Amino acid sequence: MGHSREHKAQSRARILELAAGRIRQEGLGVSIAELMQAAGLTHGGFYKHFDARDELVVEALRRAVAHNAATYAEHGGESLGLAGYLRGYISRTHRDGTGEGCALAALAAEVARADEPTRSVFTQGVRAALSRVRAMLGRSDDRAEMRAMLIVSAAVGAVTLARAVNDAALSDALVSGVRRALLALETE
């Protein structure tokens with residue numbers, strides 16, 4: 001690969017990495033001009049890497065969803081166990097780390113109103129999350145499927161709501177209460 005092609009590939013990767021964090025932090029409406037400036041590139045240079053803004057959003061979301069799986073693996077994957085997973089996911093640290101956290105919790109409401117390619121990537125992320133939780137449950141029957149749906153929905157919902165409210169005590173209560181409730185379900 002020539003220097004210019006390699007440089008272009010590195011620049012594209014840098015843009016996507018920044019965009020993945022920014023969409024988790026700011027939403028899908030991230031500013032292209034600000035993103036390119038943060039990448040050390042010109043606004044006009046954007047079109048050397050992407051045909052359209054929508055392409056960037058889909059690719060950045062794909063990267064953000066992949067980040068979910070990578071974070072899970074970094075923290076121990078299935079060996080973490082459901083209790084460890086829930087303690088890490090439904091936590092103040094995750095709630096407060098929007099730009100580094102789960103794309104599902106950061107973008108669920110916004111993606112519901114997005115275009116089909118964006119929703120398709122998000123759907124893949126939801127399926128992957130459900131699969132990870134099912135694996136932690138150690139079963140693949142209908143009951144495990146329903147429990148996985150409940151756990152993922154409650155975990156994502158708790159983090160999303162805890163981020164959205166302007167009452168710190170309520171935010172903390174959502175995080176700790178939902179985590180405790182899901183951990184109690186694990187013992188049933």
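None of these values were measured; they are calculated from a predicted model.
- The backbone N or O of H49 sits less than 3.5 Å from a side-chain atom of R12, completing a donor-acceptor pair.
- In this structure, T118 contributes its side chain and A114 its backbone to no donor-acceptor pair below 3.5 Å.
- A side-chain donor from one of R95 and S171 sits under 3.5 Å from a side-chain acceptor of the other.
- Every residue two or more places apart in sequence or in another chain was checked for a ring-ring contact (aromatic ring centres under 6.0 Å, His included) with F122, and none qualifies.
- Nearest heavy atoms, A148 versus L137: N-CD1, 4.0 Å.
- Comment: R143 does not engage D141 in a salt bridge, judged by the lack of any side-chain N to carboxylate O separation of less than 4.0 angstrom.
- Interatomic distance, Q25 CD to E100 CD, rounded to the nearest 0.5 Å: 7.0 Å.
- Smallest separation of non-hydrogen atoms from Y89 and C102: OH-SG, 3.1 Å.
- Salt-bridge annotation for R14 and E17: absent, with no side-chain N of the basic residue lying under 4.0 Å from a carboxylate O of the acidic one.
- Distance check: R63 CZ to I15 CD1 gives 10.5 Å after rounding to the nearest 0.5 Å.
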Which side-chain N or O atoms in residues 125-134 pair as donor and acceptor under 3.5 Å with protein atoms at least two apart or in another chain?
{"from": "R134", "atom 1": "NE", "to": "E145", "atom 2": "OE1", "distance (Å)": "3.4"}
{"from": "R134", "atom 1": "NH1", "to": "E145", "atom 2": "OE1", "distance (Å)": "2.8"}
{"from": "R134", "atom 1": "NH1", "to": "E145", "atom 2": "OE2", "distance (Å)": "3.4"}

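- The shortest side-chain heavy-atom distance between R92 and D172 falls under the 4.5 Å cut-off.
- Hydrophobic clustering (ILVMFWY, side-chain heavy atoms < 4.5 Å, transitive): V121 and V156 are in one cluster.
- Judged as a salt bridge (charged side-chain N to carboxylate O under 4.0 Å, His left out), and not counting sequence neighbours, R53 has no contacts.
- Under a hydrophobic clustering in which Ile, Leu, Val, Met, Phe, Trp and Tyr are joined whenever their side-chain heavy atoms come within less than 4.5 Å, directly or via other members, L183 and M149 fall into the same cluster.
- With values rounded to the nearest 0.5 angstrom, L61 atom CG is found 9.0 Å from Q124 atom CD.
- K8 places a side-chain N or O within donor-acceptor distance of the main-chain N or O of K48, the cut-off being under 3.5 Å.
- Side chain of S120 to main chain of E116: no donor-acceptor pair is present (N/O by atom type, distance under 3.5 Å, no hydrogens or angles).
- For the pair R62/L16, no side-chain contact is recorded, criterion being any heavy-atom separation below 4.5 Å from C-beta on.
- In this structure, S91 contributes its side chain and G88 its backbone to a donor-acceptor pair below 3.5 Å.
- In the hydrophobic clustering of this structure, L41 groups with I32; members are Ile, Leu, Val, Met, Phe, Trp, Tyr whose side-chain heavy atoms approach within less than 4.5 Å, directly or through other members.
- Here CZ of R147 is found 9.5 Å from CG of L182. Values are rounded to the nearest 0.5 Å.
- The number of heavy-atom neighbours closer than 6.0 Å to CG of D167, taken from other residues, nucleotides and ligands shown, is above 12.
- Residue L35 comes nearest to A19 through the heavy atom pair CD1-N, 3.5 Å, listed as atom of the first residue, atom of the second, then distance.
- The main-chain N or O of D51 is found under 3.5 Å from a side-chain atom of E55 such that the two form a donor-acceptor pair.
- One hydrophobic cluster, built from ILVMFWY side chains closer than 4.5 Å, cannot hold both V57 and Y47; they sit in different ones.
- Clustering ILVMFWY residues whenever any of their side-chain heavy atoms sit less than 4.5 angstrom apart, transitively, puts M36 in a cluster other than the one holding V58.
- Here E26 pairs with R22, V30 under the side-chain contact (heavy atoms from CB on, under 4.5 Å) rule; sequence neighbours left out.
- Nearest heavy-atom pair across H67 and G101 is ND1-O, 4.1 Å.
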Just distance, no hydrogens or angles: give the donor-acceptor pairs under 3.5 Å from side chains in residues 104-113, sequence neighbours left out.
{"from": "E110", "atom 1": "OE1", "to": "L28", "atom 2": "N", "distance (Å)": "3.2"}
{"from": "E110", "atom 1": "OE2", "to": "L28", "atom 2": "N", "distance (Å)": "2.9"}
{"from": "R113", "atom 1": "NH1", "to": "A109", "atom 2": "O", "distance (Å)": "3.2"}

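- Among all heavy-atom pairs drawn from A154 and V178, the shortest one is O-CG1, 3.7 Å.
- Rounded to the nearest 0.5 Å, atoms CD1 (I151) and OH (Y85) are 9.0 Å apart.
- The hydrophobic cluster containing L161 also includes V165, L170, L174, under a criterion of side-chain heavy atoms closer than 4.5 Å among ILVMFWY residues, counted directly or through chains of members.
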